[in-house]
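These numbers come from a predicted model, not from an experiment. Below, read A as the first sequence line, B as the second, and so on, with proteins coming before strands; counting in each chain starts at 1.
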Amino acid sequence: MNEVKSKDIVGRGTREGAALFRDWFQDLTKKAEEGETAAYVFVMGSLAEILHVFDLPMVFPEINSLQTAVRHVADDFLNTAEDYGYSPDICGYVKADFAMQMQNGNHPMGRIPKPGIAVLTNACNTYFKWGEIWERIHEIPMVSIDVPATREAGTRTWPGDDQFEREKKYVKVQLKELIEICEKITGKKFDIDRLREVLGYANTMSRGWKRVLELNQSRPSLFNALTDGTVYLGMSNVFRGTPEGALYFDRLVEEMEYMSANGIGTLTDEKFRLSFIGVPCYPIFRRFNEMFTEWGGSFVMSTYLWFAAGGTNLGVQYDLENPLDSLAEGVLISVRDAMDSMFHPELTVLEQTEEFHIDGVVYHPIKSCRTTSAGMADNRRALMENSDLPSLFIESDMMDSRVVAEAQMKNRIDAFFEGLESRKAQAAIMGGA
Amino acid sequence: MSTIKVFENWKDQPLDEILWLCQETVEDSEVMTVKRWRKAGGKVLGHFQVYFPEEIAHAAGMLPMKMFGASVETRNADSRFGSFLCSILKTSLEQVLSGRVELDMFVTHPICDAARNLAPIWGRNYDYPCQILYLPQNPNSSYSVQYLKEEYERIQKVIEKVAGREITDDDLKNSITIYNRNRELLRELYRIKKDMPWLISINEAYVLMAIGGLIRREEHNEILESVLPMIEKRKARKQDRIKVVFEGGFCEQPPLDMLRTIGRSCYVVDDDLLIGMRYILEDIETDNEPLHAMAEAYINKSSYSPVQHDLRKPKEKMLKERVKNANAEAVIITAAKMCEPGLEEQVTYTQEFDKDNTPYFVSEFEENMSSFDHLEMQLETFVENLIFD
């Protein structure tokens with residue numbers, strides 16, 4: 001193995017991601033200071049494909065909010081919103097963003113421009129309530145793209161099915177309506193060739209994202225889905241449909257292929273391969289992961305990397321010959337999948353357990369997000385009925401440190417690993433016998 | 001099937017007795033009306049809050065049961081849910097897991113992040129169809145009526161399969177006519193409550209409406225047609241109470257004792273309790289394509305709730321309108337515990353009412369709460385402040 005090449009390539013995705021992220025925040029700060037407005041969008045269906053055509057800068061409030069938790073200042077933001085009247089039981093992302101709006105867009109990574117438009121999908125119902133807050137504060141247009149989701153497990157429809165084609169038409173009309181509004185607020189005419197260009201970059205990114213996730217089947221795992229994966233996820237959202245994003249994912253795939261070919265893994269001495277279901281515990285982001293890696297537990301799969309990528313993990317490729325129609329189809333398939341990943345995570349986890357060599361499943365329901373959390377207990381019950389995979393269920397939050405009980409969490413995690421170890425030992429004895 | 005009666009003992013009874021029977025039925029955790037329906041061979045479609053186009057299930061000869069929670073201990077359902085969730089999710093599932101209610105189909109809606117999870121949860125526990133009816137969340141799209149009509153067609157096919165019979169346009173038109181009459185009678189009930197609130201208290205009006213979610217609407221119509229004239233003839237003296245609007249009952253329902261407590265110091269002249277039953281504001285047309293007419297009514301002739309985003313209906317303006325139309329002097333702004341949309345809307349409402357100094361009283365509730373002393377004291381203080389201001 002060429003050591004120079006290895007040093008240069010391994011960890012490149014994390015390094016480059018962090019640098020690009022900083023630049024992106026700096027650019028937004030500059031725009032905010034110059035009085036520019038931005039499109040406020042969400043990770044589950046950002047519609048970046050259309051917004052880039054109009055050169056609208058994009059702000060991802062979910063990402064701004066989680067940054068406050070990772071940097072341990074979320075409590076200040078939450079308190080500001082709660083003093084205003086927002087209940088402790090409301091999503092912490094919404095409250096942190098509200099506090100940010102109240103303090104002129106300032107946040108730990110810089111400043112965000114005010115919104116000129118809000119674009120959202122129905123992947124999360126709280127998006128609607130969140131958008132309504134901006135509507136009232138800033139009096140801006142709020143455009144929702146309604147994506148009919150799976151009605152019942154096992155009833156997904158696909159291109160060519162009557163129901164799918166009907167729903168695609170509904171999505172397509174809404175995309176056209178979004179385009180009309182963008183034309184109105186920017187004064188720019190919609191350029192279909194520019195859309196083709198953006199879709200081309202998005203194709204490269206989706207293809208790359210799918211491949212990166214697949215490559216983590218390698219043993220040892222190439223990246224930690226909870227920590228490194230979250231950096232890649234941020235890139236897939238923030239730079240979607242851009243040349244920087246396409247280049248980043250090309251290079252990330254190259255890095256992962258290289259690691260896989262050379263048997264290079266993460267720094268964890270991997271003993272247990274885990275699947276994570278839910279949203280990370282951002283108030284103790286590093287520590288949370290350490291509680292697992294200390295036992296040799298490595299997260300090789302995370303549903304967060306599916307739904308919070310808006311379903312781009314499927315790698316849907318747009319047909320550049322038929323851009324708008326194909327975009328409607330892609331949005332329907334991808335955003336729907338994001339929803340399925342939250343409502344039926346056990347189906348995909350069970351399907352991929354063997355390929356990823358999963359030893360255990362960690363459920364992390366949180367107070368802030370009922371979309372991902374409300375069904376988890378029942379989901380775990382179903383998982384246990386349909387497999388002998390050990391699982392752990394720990395409740396906390398993605399923002400609110402008041403409901404993150406680290407010591408209690410550690411006790412449960414330790415007990416989980418003791419169980420895994422004893423199971424492994426028993427299996428070894430049985431195998432030996 | 002539609003001739004089966006499940007609630008008949010009210011006939012020839014005085015008004016107070018009928019109201020008592022309605023209350024007993026609404027509070028009956030065994031839901032005997034549904035049991036009687038099943039015993040007679042009927043099928044039941046349970047649908048979660050807020051709005052469901054019951055006419056389709058009705059046209060198939062099924063009993064559409066409105067699942068609005070129940071006063072039950074969630075012994076079985078607790079293991080299916082985590083913390084930080086509203087009570088109605090758990091009690092609705094508990095009704096089924098405990099065997100109190102038996103369904104042939106379950107439908108929920110994308111009203112909130114928690115409720116959307118009900119179909120997957122239900123589906124993992126039962127083999128019958130457990131679906132989400134995707135009511136459009138972009139009612140402002142020019143295509144929303146067409147989309148909804150097609151979504152109704154889709155659910156109609158599922159219902160036909162469960163009911164074991166085809167639904168014709170005539171069946172649908174007949175059901176729409178019955179439901180139009182029901183909505184007309186409920187509007188009349190609310191008119192009495194608004195104009196002469198001393199004739200019927202909020203808890204009485206509530207049970208009279210809520211029972212409609214547990215029986216076929218033709219039966220409900222019969223009750224209302226008999227009872228409404230009795231209410232108007234009731235001998236009750238107008239008392240010196242302030243008129244209020246109650247907001248926050250669009251999904252989880254406040255306990256009856258809470259409504260009774262409020263009724264002791266206020267006249268509740270309008271509310272959003274079980275708003276789904278009154279969501280369609282005008283008659284649905286019966287001379288055209290019925291599913292299209294139903295979709296059109298949902299999109300363009302409907303009320304509002306915190307769980308529907310419609311650019312034409314800013315919630316705070318809609319509530320203000322409700323307060324104005326009811327000639328109310330104050331508003332009780334409540335939300336069910338852990339109900340994210342309701343709690344978020346509380347902030348919006350209070351901000352709006354601060355602008356013109358409309359008095360409001362903010363509170364939270366849970367369907368299974370049982371002590372209201374504190375609420376009563378706070379409310380009395382609020383009312384006294386207004387009366388003696």
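- For the atom pair CZ (A:Arg151) and CD1 (B:Ile132), the distance works out to 8.5 Å, reported to the nearest 0.5 Å.
- Neither the backbone nor the side chain of A:Val143 comes within less than 4.5 Å of any heavy atom in chain B.
- When each of B:Glu340, B:Gln131, B:Glu153, B:Met338 is checked for heavy-atom pairs under 4.5 Å with chain A, B:Glu340 comes out on top.
- With values rounded to the nearest 0.5 angstrom, A:Asn125 atom CG is found 12.0 Å from B:Gln308 atom CD.
- Of the listed residues (A:Lys169, A:Glu385, A:Lys367), the greatest number of heavy-atom pairs within a distance under 4.5 Å of chain B belongs to A:Lys367.
- Put simply, of B:Asn125, B:Leu89, B:Asn140, the one with the most heavy-atom pairs under 4.5 Å next to chain A is B:Asn125.
- Using a 4.5 Å cut-off between heavy atoms, A:Thr121 does not touch chain B at all.
- Counting only N and O atoms by type, the side chains of B:Ser141 and A:Asp146 include no donor and acceptor under 3.5 Å apart.
- When all heavy atoms of A:Arg166 and B:Tyr143 are compared, the pair lying nearest together is O-CE2, 4.4 Å.
- Of all the listed residues (B:Gln146, B:Glu151, B:Arg154, B:Gln346), the one sharing the greatest number of non-hydrogen pairs under 4.5 Å with chain A is B:Arg154.
- When each of A:Ile90, A:Val403, A:Ile366, A:Asp89 is checked for heavy-atom pairs under 4.5 Å with chain B, A:Ile90 comes out on top.
- Only the side chain of A:Met339 comes within less than 4.5 Å of a heavy atom of chain B; its backbone N, CA, C and O stay farther away.
- For the residue pair B:Gln351 and A:Tyr84, a side-chain donor N or O sits within less than 3.5 Å of a side-chain acceptor on the partner.
- The shortest side-chain heavy-atom distance between B:His309 and A:Lys129 does not fall under the 4.5 Å cut-off.
- Between chain B and the residues A:Ala153, A:Ala149, A:Gly131, A:Cys91, the largest count of heavy-atom pairs under 4.5 Å involves A:Ala149.
- Listed by sequence position, B:Leu311, B:Lys315, B:Glu316 are the residues of residues 310-320 of chain B in contact with chain A, using a 4.5 angstrom heavy-atom cutoff.
- The candidate from A:Pro141, A:Ser144, A:Gly85 with the greatest count of non-hydrogen atom pairs under 4.5 Å with chain B is A:Ser144.
- Pairing each heavy atom of B:Phe84 with each of A:Ser396, the nearest pair is CE1-O, 4.3 Å.
- With a 4.5 angstrom heavy-atom cutoff, B:Ile111 touches chain A only via backbone atoms.
- In this structure, A:Gln408 places its CD atom where only 12 or fewer heavy-atom neighbours from other residues, nucleotides or ligands lie under 6.0 Å away.
- For the atom pair B:Tyr147 OH and A:Gln174 CD, the distance stands at 9.5 Å (nearest 0.5 Å).
- The two residues B:Ser144 and A:Tyr170 come nearest to each other via the heavy atoms CA-CE1, 4.1 Å.
- Looking at B:Glu345 and A:Glu132, their side chains come closer than 4.5 Å, going by heavy atoms from C-beta outward.
- The NZ atom of B:Lys337 lies 9.0 Å from the OG atom of A:Ser87; values are rounded to the nearest 0.5 Å.
- Taking a 6.0 Å sphere around CG of A:Asp162, one finds it holds 12 or fewer heavy atoms contributed by other residues, nucleotides or ligands.
- Side-chain contact, B:Ser142 with A:Glu177: a donor N or O sits under 3.5 Å from an acceptor N or O.
- Here B:Ser83 is the residue among B:Pro306, B:Gly82, B:Ser83 with the most heavy-atom pairs under 4.5 Å with chain A.
- For a residue to count as touching a neighbouring chain, one of its non-hydrogen atoms must lie under 4.5 Å from one of that chain's; by this rule A:Pro365 does not touch chain B.
- Heavy-atom pairs under 4.5 Å with chain A peak, among B:Thr350, B:Thr348, B:Val362, at B:Thr348.
- Between B:Tyr134 and A:Asn122, the closest heavy-atom pair is CE2-ND2, 3.7 Å.
- Heavy atoms of A:Ala123 lying under 4.5 Å from chain B belong exclusively to its backbone.
- Contacts from residues 369-381 of chain A to chain B, taken as heavy-atom pairs separated by less than 4.5 Å, involve A:Arg370, A:Thr371, A:Ala374, A:Gly375, A:Ala377, A:Asp378, A:Asn379, A:Arg381 in sequence order.
- If you measure heavy-atom distances from B:Phe81 to chain A, the contacts under 4.5 Å come from both the backbone and the side chain.
- Between atom CD of residue B:Glu344 and atom OG1 of residue A:Thr126 there is a gap of 5.5 Å, rounded to the nearest 0.5 Å.
- To the nearest 0.5 Å, atoms CZ (A:Phe128) and CG (B:Asn138) are separated by 7.5 Å.
- When the candidates B:Ala119, B:Ser79, B:Pro136, B:Cys339 are compared by the number of heavy-atom contacts under 4.5 Å with chain A, B:Pro136 comes out ahead.
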